[in-house]
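In what follows, chains carry the letters A, B, and so on, assigned in the order in which the sequence lines appear, proteins first and then strands, with residues in each chain numbered from 1. Note that the structure is a prediction, hence the values are computed from the model and not measured.
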Amino acid sequence: MPRYQPSRIEPKWQAWWEEHDTFATPRLPTGRKRYVLDMFPYPSGDGLHVGHPEGYTATDIVSRFERMRGTSVMHPMGFDAFGLPAEEHAIRTGTPPRESTERNIATFTRQLKMLGFSYDWNRVLATTDPGYVRWTQWIFLVLFDTWFDPVAQKGRPIAALPIPAAVAARGADAVARYRDEHRLAYQSEAPVNWCPALGTVLANEEVIGGVSERGGHPVVRIPLRQWMLRITAYADRLERELEGLDWPASIKKLQSDWIGRSTGAEVDFFVPPTAGADAAFAAWQTARKQTGFPTQPGPDALRVYTTRPDTLYGVTFMVVAPEHPLVDTLTTPAQRAEIAAYREAAARKSDLDRTDLAREKTGVFTGSHVIHPLSGRPVPVWVADYVLATYGTGAIMAVPAHDDRDFEFAGTFGIDVVTVVEPAAGPAKPDTLFTGDGRAVNSGPYTGLGTREFIARVGGDLAAAGLGRPAVNYKLRDWLFSRQRFWGEPFPILHELDAAGHPTGAIRAVPEAELPVNLPLLTDFKPGDTPDPPLSRAPADWLYVDRDGKRYRRETNTMPQWAGSCWYYLRFLDPGNDGRFIDPAVEQAWMPVDLYIGGAEHAVLHLLYSRFWHKVLYDRGHVSCPEPFGRLVNQGMILGEMEFTGYRSSKGGWVSAEKRQEGDVAAKIPADQVEKQGEHFVLRDAPQIRVESRAYKMSKSRGNVVNPDQVVRDFGADSLRLYEMFMGPLEATKPWSTTGVSGVRGFLDRCWRLVVDERADELTLAPQVCADPPTDAQLREINRCIDKVTRDIEALSFNTAIARMMEFVNFCTPLRPAPVSLAAWPTVEPQWLVDDTVEIPVQIQGKLRGRVVVPAGADAAALEAAAAADPKIAELLAGKRIVKVVAVPGRLVNFVLG
RNA sequence: GCCGGAGUGGCGGAAUGGCAGACGCGGCGGACUCAAAAUCCGUUGCCCGCAAGGGCGUGUGGGUUCAAGUCCCACCUCCGGCACCA
């Protein structure tokens with residue numbers, strides 16, 4: 001075995017590790033622990049992508065490094081195996097999703113083992129395992145059994161929910177309904193995108209311009225009973241507790257923006273009767289002063305939310321969302337037809353269309369006015385879809401002078417613009433937009449106040465008058481948790497049926513002992529004519545159950561893919577436990593995750609959902625820490641190889657890239673036919689023609705996907721791993737380069753030849769390997785290398801650690817190598833980190849003019865003297881006036897001349 | 001539009017405010033070889049110069065500093081994300 005042959009070495013050791021269970025982790029750590037976790041993959045049919053091993057190699061290095069230093073390391077791997085692609089494959093081919101999923105998991109497992117990661121494979125799990133689904137369903141039941149106590153700011157058992165006397169008086173059914181309304185898992189009618197032609201419900205992203213992305217069929221929004229999770233109850237904690245996490249600042253900000261906390265006020269505008277408005281308004285004001293601000297507005301009030309109550313005197317119209325419950329009341333007979341048409345059109349649009357594409361503001365006047373609570377003046381009410389029914393109160397007071405959306409709307413429909421805030425710089429021009437803070441004008445008793453002062457003052461006044469109150473709102477919505485799909489976790493919920501087989505509205509949880517509720521065997525995965533989920537076509541013996549003399553139908557929605565990934569990091573710690581989802585002693589010993597590495601695409605959803613579930617489990621006493629992931633790192637994307645693209649016109653000639661037009665054809669150009677000219681690359685044979693140079697995201701359609709199996713075949717797994725770590729910083733986006741892989745392969749070859757005689761037929765040590773004691777220079781080199789590599793691994797700076805090892809091998813090549821040990825991480829002997837002498841650069845006027853060698857500990861005065869004594873420096877300084885000398889020990893000397 | 005991140009040789013990249021370009025790829029020259037591959041050695045930011053040497057240089061323009069890739073201000077380009085949240 002003369003040469004370095006990874007195809008022989010790697011499988012041998014992988015088999016040895018497997019046989020000896022080398023990376024098995026004990027149930028409980030001994031001494032210092034580290035939980036080092038990868039974001040587990042979705043096992044797609046395409047197998048592993050080169051992007052996967054990037055993060056996995058980083059965590060593997062950290063895991064092995066920590067083990068070598070005696071740390072107890074938890075480093076598991078598993079599969080996020082529910083999901084749409086398997087189901088779509090099933091619809092196309094008739095193969096049951098479980099079958100294709102298992103095949104894909106087998107491929108992923110083979111590839112992961114081929115790459116030599118040090119996972120404890122005894123802990124492997126898939127979210128689709130019945131033994132895992134059982135506990136996902138169990139956690140759902142914890143959510144179902146929990147309500148959020150706003151006073152304690154925590155989740156508590158539903159049995160502890162105080163029942164108002166009025167509800168209790170109406171009997172057991174009313175109490176049950178009251179509880180159901182307060183659970184963290186609750187049902188609600190939510191609009192979905194239903195595409196009759198495709199026979200399926202679509203996600204917002206799958207609907208473009210009112211038609212389906214696939215096929216271009218019409219999509220309608222219909223209300224459907226959905227399961228929701230009350231994540232909004234935790235919005236405040238999810239935002240506040242981000243602070244203590246060691247996460248990239250950008251990810252924290254992304255989550256914080258997603259949660260989108262905003263503070264302001266709710267204000268009621270009076271909805272007057274058709275006759276006698278003035279008297280009714282006066283009576284309303286008097287009544288409000290006594291009753292205060294009601295929790296829910298009655299039909300006599302239009303409630304709005306605003307962050308700028310200081311602009312109340314600038315209100316010139318109101319806008320309510322098309323779905324607002326007061327629309328019918330407010331619409332006058334003359335406007336009825338127009339409003340109805342507008343609402344119908346709005347219903348046809350998806351959320352995405354209403355926000356994304358509808359740039360031009362649209363709306364319809366209802367014909368009615370409401371009464372301004374402070375000025376008593378009538379204000380016209382419009383319906384427009386730029387106001388969202390799902391945020392705030394679904395209605396706004398529009399202040400065109402100080403809000404750009406309202407300004408745009410007022411411009412479109414010719415509504416007055418009334419300035420009530422002036423910038424500090426002085427009076428603004430009339431009919432202009434100013435959204436900053438300033439000084440109030442035209443605002444009755446508040447005129448002259450600064451924005452912040454105004455907001456504080458009017459908030460108190462409104463509350464005292466029963467016309468408003470301070471309010472907090474979040475962009476975060478409750479989590480729509482059900483899918484009309486087959487390949488997901490069934491809900492452990494039963495719906496009570498009456499004698500005629502219709503749901504009574506009563507629901508009950510499947511008892512814990514009966515979990516898991518497994519998916520029924522279906523043969524037909526095709527969608528039907530109605531938005532009923534596939535499970536509604538399950539055999540009757542699955543679908544219907546009898547309990548306590550009553551008949552029930554199972555819930556037929558399934559959970560979304562996010563469910564399984566919300567808690568897998570907990571199950572890894574105790575994967576075989578049949579009695580509980582995790583043993584508390586094990587949880588306390590290993591949690592939280594110390595290092596979590598994965599793609600930034602999960603910045604918001606997965607990481608927010610997991611934190612939410614974890615906090616609920618924490619509140620209910622099932623886990624011991626409030627946050628699951630201590631340190632988070634996002635690995636960057638790996639792009640395809642750099643490409644040069646030229647353009648040809650339809651007539652066939654080349655077109656310079658900056659002049660290209662639609663219809664010109666792109667052509668890939670080999671690297672040896674281009675050269676750099678100034679800022680750009682040009683064709684070598686036609687330098688006036690610019691070409692584009694760029695690396696693209698890997699994609700099948702582009703044909704630039706790199707297959708890890710092929711790379712391992714050509715270069716070996718260690719070369720692949722080493723290359724991915726050497727490419728650049730872990731967190732950076734970087735292009736693939738096959739010659740780069742062969743470069744690190746060359747490094748491994750060189751390492752091999754350092755110790756192995758490549759000319760021998762059998763494996764023998766190279767002749768230069770001997771037992772002579774190392775020289776001081778060698779000790780200095782090896783200690784410095786160890787020191788730098790240790791510090792770089794701790795900082796996840798793998799590219800520089802590898803560069804330092806390459807330097808070490810370059811140093812060693814003519815010499816004998818230092819012994820290599822796999823047993824323990826080598827320690828640094830500090831005496832070898834310092835030199836006897838150092839070379840110090842000497843500058844004159846900040847420009848490098850020479851170098852002097854001085855003793856390592858030389859102080860500033862000695863440095864200056866040595867520099868001045870240098871013949872070349874002395875010559876340059878001769879006859880000059882030295883104004884100042886900067887001498888930094890160990891760094892440099894700089895002479896500043898007059 | 002808003003919010004992030006990044007702009008350094010032909011390419012990927014390195015550099016606690018202190019010698020810009022470590023390390024690798026690619027290129028060029030050489031050794032070995034009949035030859036090639038592999039390997040090894042040297043060289044490689046740009047410009048001027050026979051050389052010694054000098055000048056320029058981290059997206060652009062300004063600033064702070066003895067000293068700026070690094071700090072501050074303004075701008076340009078690319079990448080990613082969000083997008084009427086009142």
Taking only the side-chain nitrogens and oxygens of [X], find out if one of them lies under 4.0 Å from OP1 or OP2 of [N].
| X | N | result |
| --- | --- | --- |
| Tyr391(A) | A86(B) | yes |
| Asn799(A) | A14(B) | yes |
| Lys253(A) | G4(B) | no |
| Arg694(A) | C79(B) | yes |
| Thr800(A) | C23(B) | no |
| Arg745(A) | G24(B) | no |
| Lys884(A) | A67(B) | no |
| Lys361(A) | A86(B) | no |
| Asn634(A) | G5(B) | no |

Does [X] reach a base, just sugar-phosphate, or nothing at all? Heavy atoms under 4.0 Å.
| X | value |
| --- | --- |
| Arg477(A) | base |
| Ser262(A) | sugar-phosphate |
| Gly392(A) | nothing |
| Arg851(A) | base |
| Ser737(A) | nothing |
| Tyr305(A) | sugar-phosphate |
| Lys847(A) | sugar-phosphate |
| Asp403(A) | nothing |
| Lys475(A) | base |

Salt-bridged, [X] to [Y], with N to O below 4.0 Å?
| X | Y | result |
| --- | --- | --- |
| Glu875(A) | Lys880(A) | no |
| Asp787(A) | Arg791(A) | yes |
| Lys734(A) | Glu54(A) | yes |

With syn defined as a glycosidic angle within 90 degrees of 0 and anti as anything else, the base of G9(B) is syn
Is there a donor and acceptor pair closer than 3.5 Å between the side chain of Arg3(A) and the base of U39(B)? no
Roughly how far apart, to the nearest Å, are [N] and [M] at atom [atom1]?
| N | M | atom1 | value |
| --- | --- | --- | --- |
| G55(B) | A38(B) | C1' | 43 Å |
| C47(B) | A22(B) | C1' | 25 Å |
| G53(B) | U44(B) | P | 15 Å |
| G57(B) | A68(B) | P | 11 Å |

Taking for each residue the nucleotide of RNA chain B with the nearest heavy atom, is it Lys734(A) or Glu839(A) whose nucleotide lies nearer the 5' end?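 Here Lys734(A) is the residue nearer the 5' end.
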Pairwise 5' ranking along RNA chain B for Leu892(A) and Tyr723(A), keeping only the more 5' one: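 Counting from the 5' end, the first nearest nucleotide belongs to Tyr723(A).
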Taking the inter-plane angle between the rings of Phe317(A) and Trp382(A) on a 0 to 90° scale, is it parallel (under 30°), tilted (30 to 60°) or perpendicular (over 60°)? perpendicular
Measure up the Phe413(A) and Phe409(A) rings against each other and bin them: parallel (under 30°), tilted (30 to 60°), perpendicular (over 60°).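 Tilted: the ring planes of Phe413(A) and Phe409(A) meet at 30° to 60°.
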Rounded to whole Å, how long is the line connecting atom [atom1] of [X] with atom [atom2] of [N]?
| X | N | atom1 | atom2 | result |
| --- | --- | --- | --- | --- |
| Ile669(A) | G10(B) | CD1 | P | 19 Å |
| His680(A) | U77(B) | NE2 | P | 13 Å |
| Arg791(A) | U16(B) | CZ | P | 11 Å |

Please determine if Arg702(A) forms a cation-pi arrangement with Tyr696(A), meaning its NZ or CZ atom is less than 6.0 Å from the six-membered ring centre and no more than 45° off the ring axis. yes
Honestly, is Lys361(A) close enough over Tyr386(A), meaning NZ or CZ under 6.0 Å from the six-membered ring centre and within 45° of the axis? yes
